[in-house]
Amino acid sequence: MDLTRGLRRTEYTLFLTAVLLVAAGAASGSWWLIGFGAWALIAGGVIEMIYRP
């Protein structure tokens, strides 16, 4: 598998996970879900900034 393709898939997975966790946390009022969603978003952003061809 191509490294760029794998990283792109990882980025999209992290961004989708972040959206789902933040939405679930906001709906249930659970701050730890929002926090995990924020960290997933940060991780996806870091991968985007560092490994972008």
Side-chain angles (χ1 to χ4, degrees):
M1 180 192 296
D2 187 21
L3 178 65
T4 305
R5 189 173 172 187
L7 286 173
R8 186 171 295 138
R9 183 178 299 152
T10 302
E11 288 175 26
Y12 291 150
T13 302
L14 283 170
F15 289 144
L16 178 63
T17 303
V19 168
L20 293 175
L21 285 173
V22 169
S28 67
S30 179
W31 282 100
W32 66 271
L33 280 176
I34 295 172
F36 281 142
W39 279 109
L41 185 64
I42 290 167
V46 167
I47 291 172
E48 176 76 23
M49 288 189 306
I50 292 175
Y51 291 108
R52 203 62 187 166

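- Under a hydrophobic clustering in which Ile, Leu, Val, Met, Phe, Trp and Tyr are joined whenever their side-chain heavy atoms come within less than 4.5 Å, directly or via other members, V19 and L14 fall into different clusters.
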Could you give the side-chain donor-acceptor pairs of residues 21-28 under 3.5 Å, partners two or more places apart or in another chain?
from : atom 1 : to  : atom 2 : distance (Å)
S28  : OG     : A24 : O      : 2.9

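- In this structure, L16 shares a hydrophobic cluster with L20, the cluster being traced through Ile, Leu, Val, Met, Phe, Trp and Tyr side chains under 4.5 angstrom apart.
- Shown here for L41 and A18, the closest heavy-atom pair between the two residues is N-CB, 3.7 Å.
- Around CZ of F15, the count of heavy atoms belonging to other residues, nucleotides or ligands within 6.0 Å exceeds 12.
- Taking CZ from R5 and CG from L7, the interatomic distance works out to 12.5 Å, rounded to the nearest 0.5 Å.
- Cluster annotation: Y12 and F36 are assigned to distinct hydrophobic clusters (Ile/Leu/Val/Met/Phe/Trp/Tyr, side-chain heavy-atom contacts under 4.5 Å, transitive).
- Cluster membership check: I47 shares its hydrophobic cluster with W39, using side-chain heavy-atom separations under 4.5 Å among Ile, Leu, Val, Met, Phe, Trp and Tyr.
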